A.B. asks: 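Quick one: structure below, then a few questions.
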Amino acid sequence: MRRAPRLTPPGSQSQQHSREKAYQDHRRKVRDAQPLVDTCAPLTPSHLHLKLKKLKLEEERLSVIDRDNRLLLERVSCIMRTRGQADSRSNCTPKRN
């Protein structure tokens, strides 16, 4: 009696089982893989957060504004003391009647 040819070679079941296990291990490793590249922005050094030059320029600008406001206030108060008379003099001294 002749035997029918086998479609799978002998011992193939154990090889197929080990391949399936290796493939499942591979799929698990791929699923659980963590990124290796750091995509976060680098930390900025603290001395770059506080811009000292900008603060200094802002302080100077504010001091100029305060000085100009004080001068304008003195001129306005001089005008109010002299009863609003217009004159071409640079100094404001109240006139005596």
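None of the values given here were measured: they were computed from a predicted structure.
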A.B. asks: How long is the straight-line distance from OG of S18 back to CD of Q13, given to the nearest 0.5 Å?
C.D. replies: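 Result: 11.0 Å between the selected atoms.
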
A.B. asks: Can you name the one residue among I65, V64, L57 that meets side chain to side chain contact (heavy atoms under 4.5 Å, CB included) with R61?
C.D. replies: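 Output: one option passes, namely I65.
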
A.B. asks: I'd like to check K51 versus L55 (side-chain heavy atoms, cut-off strictly below 4.5 Å). Are they in contact?
C.D. replies: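 SC-SC contact between K51 and L55 ruled out.
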
A.B. asks: Between D25 and K29, does any side-chain N to carboxylate O distance fall below 4.0 Å?
C.D. replies: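 Not counted as a salt bridge, because no side-chain N and carboxylate O are separated by less than 4.0 Å.
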
A.B. asks: Show your reasoning for whether salt bridge (charged side-chain N to carboxylate O under 4.0 Å, His left out) applies to K56 and E59.
C.D. replies: CA-CA 5 Å; K56 181 183 174 189; E59 185 179 332; over 6 Å; no

A.B. asks: Looking at R27, I'd like to know if its CZ atom is crowded, meaning that more than 12 non-hydrogen atoms belonging to other residues, nucleotides or ligands lie closer than 6.0 Å.
C.D. replies: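 Incorrect, the count does not exceed 12.
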
A.B. asks: Drop me the distance from R75's CZ to L73's CG, to the nearest 0.5 angstrom.
C.D. replies: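 Those atoms lie 11.5 Å apart.
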
A.B. asks: Side chains of Q24 and E20 only: does a donor on one sit below 3.5 Å from an acceptor on the other?
C.D. replies: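 A pair is found: one side chain offers a donor N or O, the other an acceptor, under 3.5 Å apart.
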
A.B. asks: Can you establish whether the number of heavy atoms outside H17 located under 6.0 Å from its atom NE2 is more than 12?
C.D. replies: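 No, because the 6.0 Å sphere around NE2 of H17 holds 12 heavy atoms or fewer from other groups.
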
A.B. asks: May I have the step-by-step check of salt bridge (charged side-chain N to carboxylate O under 4.0 Å, His left out) for R70 and E74, ending in yes or no?
C.D. replies: CA-CA 6 Å; R70 186 176 40 80; E74 287 177 9; 3.6 Å; yes

